[in-house]
Structures are given as structure tokens and as C-alpha cells.
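Everything on this sheet refers to the single structure shown next.
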Amino acid sequence: MQRFAEPMARLIDELRKLPGVGTRTAQRFAFHLLRASDAEAAALSDAILRLKQHLRLCSLCNNITDVDPCAYCTNPTRNPRLLCIVEEPTNINAIEKTRSYNGVYHVLHGTLSPVNGVGPDQLRLSNLWPRLSSKTSGAPGLDSETWEGGVTEVILATSPTVEGEATARYLLDTVRKTHPTLRISRIATGVPAGSDIEYADEVTMTRALEGRREL
Ligand SMILES: [Zn+2]
């Protein structure tokens, strides 16, 4: 590998850690930044710092947000009884692009992967259960099927990969046990099997949502 002055080598090293960036791309980025004005370079480094300082996870749904609870959780026009469970915050964008979903979300930040030692404890599940547990069985005027302020349908929108399917299966079994009357559905495989829903186009994702099947 070509030898660079220490500040250049350090920047290339940092850029290479980004997903999808190899040595050659990292070098291109570094030379681009070297030619850029001081203001442009400062704007990039400031954006990175602000990202780390101002963003956190929503305490309700685990989405990445600068206000807690996040904009989806507090939006009065969204249906809080419809809950879509996704793997990563970026999956929310994939679903929002369809404009055919008006419920709220829960982000797991991962999938079950026994091979890689990822069990249910590593997923962000602890704040999911309380959202499902607002049943007001026996309250006057309400039958046992009525949920007050709680969720009535859970959509399992994990990717149709081995890990995504295992995660959906785990959630189905767990939620079934604790909330036997809750409707649980799985997105249809308009999303190609084995692929990540992040890369699904809008039409495919819309079909996947519309064709979801009850489990
Ligand atoms: Zn939220």
C-alpha cells in the first residue's frame, strides 16, 4: 500500500471502517476532503459530532431520535393500536416510503442469531411488552376482547432471512403465550426470500404490507 503522511493515513484508516468502503474508496474520500475548503471539512466533522451528541433512542419504540418520545410515537394522526416490529431504525424509512402504513413502530436493533450468540436478551424487547399489556378485562362496558390504549395488531416486519424468520417465530410464540387474543401478522414475501427489507423498493414493500398474513 502507498505510504501517506500520518494525518492522511489516519483519515483513510477511519473511513475504511465505514460499511461498503474499501481502501481505494477511502483514499478517494480522503483526497476529496483534502481538496475541500476548511468550511466544508468542518461541516462534515461537525455533522458527525452532532449526530453522536444529539441523537438517542426513543424510550417507547427504540427509534433513533432527537426528541423523546420520537415523532412517530407522539404523532396524533397515527394509529397506536397497530404496531409494526422491525429490525433496524432504517427499516422504518423503507416502510414509510410506501405511505400505506399509519401505525407505530418497535425497533429491535438486531435479530436472533444463535450462530453468532445473539439471543432474546440482546434485542431491545423490554419496552415492547408493556405496550401490549394494557388489557382492561372486566372493566364496565368493555368485554375481554377490548384493549384500552393498547395494541390490537402486531405486524412482524423482520426481513425474510434465516435470522429474521427466527426472530419473527420467537416473537409470535412469546406474544401468543402472553396475549392469546392479540392479532399477529407477518409481512408477505413480496420482499424476496433471503433479502433485507432495507433494499426493497416501494412497490414490493407495499405489497409485502398489504399481503401480510395473520399468524
Ligand atoms: Zn418512538
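Nothing here was measured: the structure is a model prediction, and the numbers come from that model. When a ligand or atom number is given, it counts from 1 through the structure's own listing order.
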Q. With Asp13, which of Arg10, Arg16, Lys17 fulfils salt bridge (Lys or Arg N to Asp or Glu O under 4.0 Å)?
A. Arg16

(Q) Could you check whether Asp173 pairs with Lys177 (Lys NZ or Arg NE/NH1/NH2 to Asp/Glu carboxylate O, under 4.0 Å)? (A) no

Q) Does a side-chain N-to-carboxylate-O contact under 4.0 Å join Glu96 and Arg78? A) yes

**Q.** Qualifying residue for side-chain contact (heavy atoms from CB on, under 4.5 Å) with Cys70, from Asn63, Val104, Ile64, Leu60
**A.** Asn63

(Q) Quick check for you: within a radius under 2.8 Å, how many protein N, O or S atoms neighbour the Zn ion (ligand 1)? (A) 4

Q: Determine whether Leu44 and Leu49 fall in the same hydrophobic cluster, where Ile, Leu, Val, Met, Phe, Trp and Tyr are linked whenever their side-chain heavy atoms lie under 4.5 Å apart.
A: no

Q.
Are Phe4 and Phe31 an aromatic pair, judged by ring center distance below 6.0 Å?
A. yes

